[in-house]
Amino acid sequence: MESRAGVAATPGALPYYVALSQLLGLTVVAMTGAWLGLYRGGIAWEGALQFNVHPLCMVIGLIFLQGDALLVYRVFRNEAKRTTKVLHGLLHVLALIIALVGLVAVFDYHRQKGYADLYSLHSWCGILVFVLYFMQWLVGFSFFLFPGASFSLRSRYRPQHVFFGATIFVLSLGTALLGLKEALLFKLGAKYSTFEAEGVLANVLGLLLASFGVTVLYILTRADWKRPPQAEEQALSMDFKTLTEGDSPSSQ
């Protein structure tokens, strides 16, 4: 369905699901800060509180901002494709920078305390996620933003880009949940099973993390909520199909 002037109408339920995702995401960030402030002493770059920079940065970067970057093509449905691409890429860059700060914080904290690095499943998954995320952004930039990639090459790579984007987001959520559980077990130990207030708050935080991820993925997987191709994109697709025997590219 299209509205006047050829502008595609927004599906009725989409804005409500997007609003729900933002409410959940912001609540996750706020609850992470509250957990660190109430039970972990707060945040600082020096001393014992430096470790707390890590979970806050990872939640902001690799959960909230990554989720928002994935939703760009659903939210900005009628803007120029170039504009949405740039916004999509910039949100991912911001997420990468914030996540890098979180990684530096935890490695520096371990170095100061003499703790071992990269021995837990959480740390292995975390490094894997960060490397995959960086590679995904780098390849995506090369194909979709950097001039030179052919139209047919972009068309063939787009499904893989979408798949790996969603996969990395799921891996990020799983890694965050692993880290949350690890932090609780390290501090609370056997007290975790006695319904300590910190444990209950962190469990609620974990459920909200999962709810944010499910909401984002639901929005992404609704076929009828995909960004419709603009007039100029359709013209390019028709020209491409005329000149080649390949299929015309679909929108994200």
Do [X] and [Y] come within less than 4.5 Å of each other through their side chains, counting heavy atoms only?
{"X": "Gln112", "Y": "Gln50", "answer": "yes"}
{"X": "Thr32", "Y": "Val28", "answer": "yes"}
{"X": "Leu171", "Y": "Cys125", "answer": "no"}
{"X": "Phe107", "Y": "Arg111", "answer": "no"}
{"X": "Arg74", "Y": "Tyr17", "answer": "no"}
{"X": "Ile127", "Y": "Ser123", "answer": "no"}
{"X": "Trp45", "Y": "Val104", "answer": "yes"}
{"X": "Leu36", "Y": "Pro55", "answer": "yes"}

**Request:** Check Phe143, Phe141, Phe144 against His161 for a ring pair (Phe, Tyr, Trp, His ring centres under 6.0 Å) and give me the one that passes.
**Result:**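 So the option named by the test is Phe144.
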**Request:** Kindly assign one of parallel, tilted or perpendicular to the pair His88 and Tyr73, based on the angle between their ring planes and the thresholds 30° and 60°.
**Result:**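 His88 and Tyr73: tilted rings.
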**Prompt:** Parallel, tilted or perpendicular for His122 and His54, by the 30°/60° rule?
**Reply:** perpendicular
**Item:** Residue pair Phe130, Leu96: steps toward the side-chain contact (heavy atoms from CB on, under 4.5 Å) verdict
**Value:** CA-CA 8 Å; Phe130 186 82; Leu96 269 172; 3.9 Å; yes
Just by modelled atom types, is the [Y] backbone N or O under 3.5 Å from a matching donor or acceptor in the [X] side chain?
{"X": "Thr83", "Y": "Glu79", "value": "no"}
{"X": "Trp225", "Y": "Pro11", "value": "no"}
{"X": "Asn52", "Y": "Arg40", "value": "yes"}
{"X": "Arg77", "Y": "Lys226", "value": "yes"}
{"X": "Trp35", "Y": "Leu201", "value": "no"}

**Request:** Could you work out the complete set of other residues in the hydrophobic cluster of Leu178, with links drawn between I, L, V, M, F, W and Y side chains under 4.5 Å apart?
**Result:**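 Once heavy-atom contacts under 4.5 Å are chained together, Leu178 belongs with Leu121.
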**Asked** Tracing side-chain links under 4.5 Å among I, L, V, M, F, W and Y, which residues wind up in one group with Leu49?
**Response** none
Cluster link [X] to [Y], ILVMFWY, side chain under 4.5 Å:
{"X": "Val72", "Y": "Leu23", "answer": "no"}
{"X": "Val106", "Y": "Leu118", "answer": "yes"}
{"X": "Val170", "Y": "Leu71", "answer": "yes"}
{"X": "Val93", "Y": "Leu62", "answer": "yes"}
{"X": "Phe169", "Y": "Leu26", "answer": "yes"}

Gap separating the [atom1] atom of [X] from the [atom2] atom of [Y], nearest 0.5 angstrom:
{"X": "Gln22", "Y": "Thr27", "atom1": "CD", "atom2": "OG1", "value": "10.5 Å"}
{"X": "Asp68", "Y": "Ile63", "atom1": "CG", "atom2": "CD1", "value": "12.0 Å"}
{"X": "Leu90", "Y": "Leu65", "atom1": "CG", "atom2": "CG", "value": "11.5 Å"}
{"X": "Leu70", "Y": "Ser21", "atom1": "CG", "atom2": "OG", "value": "11.0 Å"}
{"X": "Thr215", "Y": "Leu220", "atom1": "OG1", "atom2": "CG", "value": "11.0 Å"}
{"X": "Lys113", "Y": "Phe51", "atom1": "NZ", "atom2": "CZ", "value": "12.0 Å"}

**Request:** Go through the steps to decide whether Lys191 and Thr194 satisfy the test side-chain contact (heavy atoms from CB on, under 4.5 Å), and finish with yes or no.
**Result:** CA-CA 5 Å; Lys191 291 183 179 180; Thr194 64; 4.1 Å; yes
**Asked** Counting heavy atoms not belonging to Phe134, are there more than 12 under 6.0 Å from its CZ?
**Response** no
**Asked** So, for Tyr133 and His92, is the gap between ring centers shorter than 6.0 Å?
**Response**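 Centroid distance Tyr133-His92: below 6.0 Å, so yes.
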**Item:** Working for side-chain hydrogen bond (donor to acceptor under 3.5 Å, both in side chains), residues Tyr192 and Asn203
**Value:** CA-CA 10 Å; Tyr192 186 27; Asn203 286 347; 2.7 Å; yes
Non-hydrogen atoms of [X] and [Y] that approach each other most closely:
{"X": "Ala95", "Y": "Gly61", "result": "CB-O, 3.2 Å"}
{"X": "Pro15", "Y": "Gly12", "result": "CD-O, 3.5 Å"}
{"X": "Leu132", "Y": "Ile168", "result": "O-CD1, 3.5 Å"}
{"X": "Gly89", "Y": "Trp137", "result": "O-NE1, 3.3 Å"}
{"X": "Ser193", "Y": "Ala190", "result": "OG-O, 2.9 Å"}
{"X": "Ala166", "Y": "Leu217", "result": "CB-CD2, 4.3 Å"}

**Request:** Starting from the C-alpha separation in whole Å, work towards a yes-or-no answer on side-chain contact (heavy atoms from CB on, under 4.5 Å) for Trp124 and Tyr119.
**Result:** CA-CA 7 Å; Trp124 286 22; Tyr119 65 90; 5.6 Å; no
Donor-acceptor contacts, no H, no angles, side chain residues 179-188, under 3.5 Å, sequence neighbours left out:
from   : atom 1 : to     : atom 2 : distance (Å)
Glu182 : OE1    : Ser120 : OG     : 3.2
Lys187 : NZ     : Tyr39  : O      : 2.5
Lys187 : NZ     : Glu198 : OE1    : 3.3

**Message:** Determine whether Val216 and Gln66 satisfy the following criterion, side-chain contact (heavy atoms from CB on, under 4.5 Å), listing intermediate values before the conclusion.
**Reply:** CA-CA 10 Å; Val216 170; Gln66 181 181 182; over 6 Å; no
